[in-house]
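Convention: sequence-line order gives letters A, B, ...; per-chain numbering from 1.
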Amino acid sequence: MNLYLVKRILALIPVLFVVSVVIFLIIHITPGDPASVILGESATAQDVEALRQQLGLDLPIYQQYMNWITDVLRGDLGESYFMKESVSEAIFSHLQPTLSLAILAQIIALLIAIPLGITAALRRGTAADQTVMGFSLLGMAIPSFLLALFLILLVGVKLQWLPVAGYKPLEAGLWNHLKYLILPAVSLGAIQSALITRMTRSSMLEVLNMNYMKAARSKGVKERQLIYKHALRNAFLPILTVIGQTFGGLVTGAVVTETIFNIPGIGQLIINSVERRDYEVIQGVVLFVTCVYVFINLIVDILYGVIDPRVRLERK
Amino acid sequence: MTKPPLLEVNELKVHFYTERGRITAVDGISFHVNAGEIVGVVGESGCGKSVTSQAILRLLDEKDTVEYDGKILFEGTDLLQLPEAGMQKIRGNEISMIFQDPLSSLNPVFSIGSQIAESLMLHQQISKKAAFEKAIELLRMTGIPAPEKRVHEYPHQLSGGMRQRAMIAMTLACQPKLLIADEPTTALDVTIQAQILDLMLELNREQGMGMIFITHDLGVVAELCSRVVVMYLGQIVEEADVETLFAQPRHPYTKGLMKSIPQMDSDRSQKLHVIEGMVPTLDNIPTGCRFAPRCPYADYMCHERPPAYEEHAAGHKVRCWHAEKIAQEEEERSYVS
Amino acid sequence: MSHEALETRKPLLDVRGLKKYFPVKGPLGTLGGVKGYVKAVNDVSFQLHAGETLGIVGESGCGKSTMGRTILRLTDPTAGQALYGDQDIFQLSGKELQKIRRDMQMVFQDPFSSLNPRKRIGQILEEPLAIHSIGDPKERTERVMEMMHKVGLQVDHYFRYPHEFSGGQRQRIGLARALVVNPQIVISDEPVSALDVSIQSQIINLLQELQAEYRLTYLFIAHDISVVRHISDRIGVMYLGQMVEQAPTESLFANPLHPYTQALLSAVPIPNPQRKKERIILRGEIPSPMNPPSGCIFHTRCPLAMDVCKQEVPPQLEAAPQHMVSCHFYTKP
Amino acid sequence: GAQTAQTGQNEGAQPPGQGQAQPEPAKEPQAATGGELKIAYQAQPPTLDPHVTTSQASATIGRNVFETLVTADSKYHVQPMLAESWEQSEDGTTITFRLRQGIRFHNGKEMTADDVAASMNRWIQISSAGKDHFTGAVFEAKDAQTAVLTLKQPTATAMAILAYGGGNYPAIMPKELIDQADPKGVKEYVGTGPFQFKEWKQDQQIHLTKYADYQARSEAADGLAGKREARVDDIYFIFTPDSSTQVAGLLSGEFDIAADVSYDSVQQLESNPEIKVDVAPTGMLNLYFNKKKGLFANEKARQAIAAGIDAESILIAAYTQEKYYELNHNMMMYYQIGQWSSENGRESYNQNNPEKAKQLLGEAGYNGEEIVIMTSRDYEDMYNGAVAFQQQLKNLGVKSKLEVYDWPTFTELRNDENKFDILVITNTPKPEPSSLAFMRKDFPGWTNSPELDELLVKFRGAPNLEKAMSVYDDIQKWFYEYVPVVKIGDGNSISSSQKSVEGMTWLDGLILWNVSNAK
Amino acid sequence: MDALGSNAKRLELSQVKQTLKKEQRRLQLRRFLSNKLMLTGSIIIVLITAFALVGPYLVSYDPYEMDPVKRLQPPGAEHLLGTDNFGRDLLTRIVYGARVSIGVGFSVALISAAAGMVIGLYSGYYRALDQVLMRICDGLMAIPGILLAIALVAALGPMTENVIIALGIVFIPYVARIVRSATLVVREETYIEAMKAQGASAARIIWMHIAPNTLSPLVVQATFIFADAIITEAALSFLGAGVPTPDPSWGNILYDGKLVIFKAWWMTVFPGILIILTVMGLNFAGDGIRDMVDPHSSLSFKRKKKK
Ligand SMILES: Nc1ncnc2c1ncn2[C@@H]1O[C@H](COP(=O)(O)OP(=O)(O)OP(=O)(O)O)[C@@H](O)[C@H]1O
Ligand SMILES: Nc1ncnc2c1ncn2[C@@H]1O[C@H](COP(=O)(O)OP(=O)(O)OP(=O)(O)O)[C@@H](O)[C@H]1O
Ligand SMILES: [Mg+2]
Ligand SMILES: [Mg+2]
């Protein structure tokens with residue numbers, strides 16, 4: 001394989017190591033622990049202490065870390081304190097809904113954002129531009145829960161077109177699967193599109209005045225092609241970057257949306273395991289999320305070079 | 001001439017809105033190009049050649065900063081009145097253009113092959129594969145070595161001359177009725193320049209392609225063009241066929257130009273001839289004749305009143321109060337030599 | 001400038017065996033791996049003496065610009081040395097390199113893209129002065145304005161953006177930028193190609209005046225043979241990454257030795273519509289620097305090519321005083 | 001019908017029954033069986049093993065699966081469930097349970113006294129309630145159908161606690177599972193209840209199905225007691241943390257029941273003809289003082305707060321409307337007044353007398369230091385009550401800071417006497433006063449009163465609960481003198497369901513057997 | 001050439017420069033004034049800042065004064081914007097909340113933009129640094145914000161400053177990557193090569209030539225972060241990590257509003273409008289700045305000329 005790729009993949013190791021240490025520290029600084037959560041609302045400090053001992057949570061922190069990391073190196077991410085499944089199973093089972101949702105939301109966001117951003121850039125200063133920018137401002141400033149609730153009330157409750165919340169896996173049939181995802185995907189997509197729209201507009205503005213646009217126009221390239229092919233590709237690096245970021249954000253936890261729509265995804269897993277102090281799961285998920293980001297950013301970086309051949313990420 | 005000319009530019013003015021206000025970069029120029037004719041445009045750097053040529057294709061940023069006046073008739077239709085969609089049909093198809101600045105005019109993110117192929121596919125119904133093959137062929141015609149490899153390269157990987165040739169290949173792909181070439185051979189060595197000029201002449205002869213050829217190289221003008229337009233500070237100051245112009249320039253600026261050319265057989269230790277003084281800026285245009293401040297012939301009238309653009313001999317138009325006098329001088333000179 | 005004494009003096013810049021290969025990559029860029037090399041500059045040596053002008057002409061794409069950029073370390077050389085004084089430019093780094101760049105300036109071939117579109121001309125021109133902390137801000141401005149004036153730009157242009165200029169004006173900005181710091185060596189890549197002849201002659205005169213005044217040294221890359229002839233003391237002819245002929249100007253024009261040089265000279269257009277002259281038309285496919293021909297690189301197109309040319313690389317020969325040529329025709333007649 | 005808020009108030013106390021008490025005939029629900037119940041439930045329990053956790057969510061869901069030896073009817077009278085009958089020895093230290101015959105666990109195994117002994121002993125050892133009330137007690141299987149509980153000393157509260165159906169209830173599970181259990185709980189959820197555990201999709205839902213071989217009791221249903229019948233085939237507890245989603249899901253018909261909807265959405269729900277809204281008591285809002293350290297180690301300071309606050313406006317802030325709270329000076333909940341009622345403290349409750357408060361504070365030596373109030377926002381009523389309380393403190397001239405944490409942080413920090421002065425907590429109802437959290441020395445707030453110790457010995461040492469009740473008056477008196485906590489009032493929660501859902505009742509959480517859904 | 005070196009000429013040149021400079025200043029001012037985006041943006045920002053600073057002196061209620069009986073009153077004469085779920089005057093709370101919210105939004109945007117810009121520029125410019133810095137960013141992106149916030153409050157106590165630090169850190173990688181992506185392209189431009197040829201130091205190239213080109217995506221990203229920070233702050237206050245209760249902030253008013261959304265639209269609508277307004281002001285100003293550094297924009301000049 002290529003040296004650059006190898007280097008990037010090897011770089012994952014120190015990143016994971018550092019992240020795991022940091023997370024471990026953070027988790028253990030944070031008050032509350034799984035014992036107190038298991039025991040419920042009215043447990044006493046003594047009860048909690050007893051359970052802590054039984055669970056091995058009273059060991060010195062470096063020892064706990066060593067125990068954990070040796071397991072991880074053996075490929076075992078550990079067991080949840082709460083779920084009857086291993087951490088890797090938990091991640092896997094929560095990944096499916098999140099992936100479906102993320103992909104759908106991303107598609108929606110792009111379908112909204114790219115054309116709108118381009119329109120705004122082309123019609124800069126006109127009413128169309130201002131309308132588009134107005135909407136994207138709404139998207140930026142409105143908390144996602146408001147849009148989600150609005151959609152639920154309108155489409156789910158008033159019109160009763162789609163279920164308000166919940167999730168069905170793909171095995172339940174495509175439509176059954178999608179039906180639950182459309183609303184959350186739309187609400188996420190719409191919000192995410194705000195940033196992409198603005199980024200598209202401003203990056204497009206940077207390139208529209210370039211000479212090569214003039215030259216392409218002089219060849220008789222149709223306006224659409226001119227924009228979508230010649231300009232967009234040149235303007236695409238920052239756009240791609242935010243797409244990568246939003247996608248990363250979607251895959252690793254659209255917490256609010258998942259909560260409102262009751263989607264048992266990675267976001268829920270993260271927030272719930274933080275709320276339950278499910279240490280092993282938190283650690284596992286964070287490692288997983290790190291891999292996701294490293295991977296997405298790797299792809300984005302490779303795409304940089306494909307999109308713009310001038311970009312070089314390594315020395316020759 | 002009963003048939004209308006291929007292109008007729010009539011009192012074209014181009015105004016730019018800059019932060020310092022409105023400036024008129026091209027100020028009422030008129031000329032025409034007949035089908036199958038090569039018209040050379042020469043002139044001071046910054047006199048408006050590129051602006052004129054881009055105005056013909058309406059490529060300047062109309063929405064924001066540019067305003068046009070006058071008429072540009074292409075086969076009888078006024079391009080300035082055409083809607084953008086109509087313009088799109090003309091660009092590339094009927095009129096195409098080689099830009100002066102090859103690097104910034106090539107899209108950095110597409111290989112030159114795909115840029116040429118794009119032109120081809122726009123104007124001919126051919127497949128992508130065929131287009132690429134044709135692109136290779138065109139690159140070969142312009143003298144790029146190993147074109148089958150070069151098609152996949154990106155503009156930044158090419159030398160200045162190769163970029164220019166890629167631009168040329170791209171325009172030739174369109175097989176337009178009118179080609180506007182804005183200094184197309186500046187970055188080419190003379191052997192390749194010769195090859196390219198031959199290529200253009202061939203197209204001109206075989207397909208009757210009209211051409212506006214902007215250049216500073218009077219040698220090229222002499223070899224290629226049939227008629228020449230001389231511009232100075234946004235105006236046309238002289239127009240004539242090549243022989244006449246080179247033999248009997250009637251405008252002092254043209255005369256100065258001729259004298260400034262470094263000759264292959266000149267004395268190297270001599271300083272080159274220069275036209276004294278500076279070109280005025282566009283927001284500070286002299287009243288009277290625009291060339292007057294630098295003109296050895298200038299008199300009171302020149303400074304006061306702008307000369308008219310008049311036909312002095314058949315097909316020889318000049319904008320100068322002293323055109324006749326200069327013509328006489330030139331005649332005498334040619335007798336002497 | 002007389003060139004008799006040149007041999008004995010120590011050169012200002014001594015380039016030895018310069019090579020620059022660009023890797024050719026697959027469509028996936030970084031991922032595709034290297035598929036071969038473009039041998040843009042392939043073993044070029046020459047010397048530049050203080051106060052002289054070395055003109056470089058040659059086929060488009062033969063590596064002239066790359067040579068200039070490599071000497072300035074704008075791209076790293078593959079091999080070779082460039083001795084400036086007693087420093088090898090290719091070994092320098094960081095601060096030392098920055099210092100040396102004050103003495104060596106470059107005029108870029110592509111006038112527009114070498115100007116930052118966001119900067120006003122005044123800023124662009126003052127920048128090199130600021131970089132090398134020359135003068136106070138006021139002096140800098142004055143100097144810049146002077147320079148603008150000299151290259152035929154109006155002082156009013158001071159606050160304009162590059163896109164508001166014509167091609168020739170941009171080229172003059174690039175030239176002014178190089179000259180404004182009073183460098184020792186100016187590598188100018190087609191500095192006058194976009195200028196009309198009257199301004200061109202003004203600039204050439206300026207260059208010569210400055211040379212006389214400050215003993216500037218020029219590496220002057222151009223395609224316009226008559227301009228090169230006018231300004232250069234010596235001329236190097238490049239073909240496909242190599243220097244095939246190097247000679248004092250008079251000698252070269254009076255007696256072009258290399259067949260490529262001969263073809264080149266014959267192709268110069270003459271500004272006289274009546275005089276059509278005979279050109280040597282070079283036949284054959286132009287070879288690619290990715291895959292240069294064996295033996296003499298010119299043999300594929302050479303009207304005089306012999307069998308030996310296909311196999312053996314011609315040695316450099318001093319055919320006349322200081323007139324170097326690499327051609328079998330003269331070594332093995 | 002069983003106990004709901006509307007019907008449960010002010011009913012006179014009846015003597016708790018021993019053995020099979022005569023339940024009042026309840027009208028048989030006529031609704032059809034079959035179908036499913038989708039219940040939007042806010043909190044996901046940590047585990048369904050009730051021995052381990054005190055979580056109320058765990059109880060509400062789990063008691064459909066697990067059953068107890070005895071249980072409570074709507075008036076908290078102890079009634080038999082898995083036990084056929086029981087007998088208490090003269091000295092009150094042994095209780096003999098006769099088990100019902102032919103009861104099978106969901107895994108098909110027949111329940112015997114071994115299972116009971118194993119389950120109950122584990123419960124005694126690890127559950128909070130077990131450790132508190134049954135120190136040193138042991139269960140033994142005398143024969144297959146007889147289990148004997150031997151107590152260290154006579155315990156009046158014993159039966160009441162064994163019958164309790166809220167958090168930490170003493171569920172009976174197969175011995176094998178008890179033996180395999182680890183500190184986090186049993187590995188499988190196998191009980192004897194009308195529903196069996198099917199699946200727990202983490203963060204999504206718990207699925208229970210009807211247990212076909214369930215052996216129902218024959219008595220009419222009343223509270224948790226009597227006949228239990230699974231009238232639907234499936235129950236889904238769908239974890240819906242967002243309260244607006246619960247409401248929306250009800251409105252759209254997605255959910256059949258929302259277990260705990262927010263007060264401010266009632267209007268919206270009531271305006272929908274398809275939906276009904278039920279109110280049920282949920283807990284009491286209390287201010288816990290840090291009696292170990294700081295200002296409130298001083299009794300006077302505690303009395304000052306009790307005197308100064310306006311309970312009503314705190315309750316409005318917490319529960320929004322009068323119908324959702326009760327002013328009640330009893331330390332027990334308002335619906336328990338039938339059993340636990342005392343006039344003591346009536347005049348000390350909700351005095352709303354800032355002058356007195358300021359005076360008392362002065363006597364306590366308060367001079368303007370900042371009081372730290374701590375609460376969690378995981379329970380909206382606690383938080384809202386705390387905010388309102390803080391505002392009242394300001395009116396009393398007390399400077400304070402309100403710290404809000406997520407629940408796990410809160411539960412850890414509240415164990416640290418240096419971290420707070422007052423906690424704002426809601427407590428779930430308990431079957432008898434000595435189970436209340438503030439009675440315990442080891443619970444945050446750290447009640448430490450010799451007086452109380454004496455009272456508790458008297459109370460728990462009584463031969464049975466009726467006898468113990470006479471001590472309640474004194475405890476109540478102590479409550480208002482010592483002021484371990486300030487009781488603000490009792491709160492109700494709102495559950496809401498489709499009109500098609502019938503037969504839903506409440507006792508320490510929703511009761512889902514005997515509920516049908518004619519959809 | 002004429003005698004340029006002469007003193008007279010020099011004098012003349014510096015005079016020319018003087019007049020040019022003056023002219024330029026005039027133009028700059030005109031550019032600013034005719035830059036409608038910039039102007040509107042600045043006006044909105046100034047107004048909202050004034051609202052935040054002066055507002056508290058103009059409202060007649062106490063932001064903490066509650067009246068549970070009057071909870072959730074719709075907008076009316078007594079309470080212009082209605083009351084919240086504790087019966088507190090909403091207008092007053094919004095006015096007081098402005099300072100916190102704008103402060104948090106602005107500080108977070110500033111911290112992450114500044115740090116992100118430095119990281120982005122340098123890792124875009126130096127390939128070796130890129131490997132390290134971007135991997136750190138990958139790691140930072142992966143750490144859940146809530147966890148960081150909870151840990152910070154736990155370690156340092158509930159303070160607004162902690163929210164700012166936590167959010168600032170969380171958002172840095174987002175800015176960094178955006179800036180880097182723009183840097184990667186600009187780095188390869190010929191004019192950067194020209195600057196190198198001039199002998200410009202890396203710092204000069206990075207800050208004077210590359211940085212302005214990254215401004216426009218940076219501004220977009222920063223305004224987004226501004227809005228996001230305001231909203232996220234409120235989410236954190238649920239975990240005790242936000243602004244200490246019961247201090248008002250737009251975000252926590254919004255979140256309180258969410259709980260009563262079926263009953264009291266005003267609690268979400270009014271703070272929502274203010275957030276939108278502020279973000280709009282910032283965006284306008286940001287776009288305005290972009291236009292100011294964009295040599296191609298002279299739109300407004302034409303507009304003015306054409307009647
Ligand atoms: N976008 C613009 N804004 C303002 N002025 C402009 C703009 N484009 C060109 N100009 C001015 O218009 C004049 C004519 O420019 P043009 O490019 O046509 O010159 P040219 O004849 O092509 O010169 P050259 O031979 O140097 O390329 C120049 O003075 C230039 O400064
Ligand atoms: N960045 C690059 N990557 C790959 N190949 C390059 C790069 N720059 C130049 N080359 C190749 O190097 C060779 C020499 O290019 P160079 O620009 O030096 O030619 P030149 O002599 O200046 O030509 P011209 O007169 O046309 O400007 C060409 O084949 C070109 O394709
Ligand atoms: Mg031009
Ligand atoms: Mg070159």
dist S218(A):OG -> D182(B):CG (nearest 0.5 Å) comes out at 11.0 Å
Closest non-hydrogen contact found for K214(A) with L59(B) is CG-O, 3.5 Å
request  = Give the intermediate values and the outcome of side chain to side chain contact (heavy atoms under 4.5 Å, CB included) for residues M213(A) and N107(B).
outcome  = CA-CA 8 Å; M213(A) 291 299 293; N107(B) 198 326; 5.5 Å; no
Within 45° cone and under 6.0 Å: R233(A) NZ/CZ vs F110(B) ring: yes
Are the side chains of M97(B) and K219(A) in touch, meaning some heavy atoms are under 4.5 Å apart? no
Note: vs chain A, highest number of non-hydrogen pairs under 4.5 angstrom among N93(B), I95(B), L106(B), V109(B) is V109(B)
Residues of residues 220-229 of chain A with a heavy atom under 4.5 Å from any heavy atom of chain B, in residue-number order, are G220(A), V221(A), K222(A), E223(A), Q225(A), K229(A)
Paired with Y212(A), the side-chain contact (heavy atoms from CB on, under 4.5 Å) test is passed by just one of S104(B), P155(B), P108(B), namely P108(B)
The reported gap from CZ in R310(A) to OH in Y154(B) (rounded to nearest 0.5 angstrom) is 11.5 Å
Minimal heavy-atom distance between A215(A) and S105(B), with the atoms involved, is CB-O, 3.2 Å
So, the part of Q54(B) with a heavy atom under 4.5 Å from chain A: the answer is side chain
**Study point:** Side-chain donor-acceptor pair present, E118(B), H230(A), cut-off under 3.5 Å
**Key:** yes
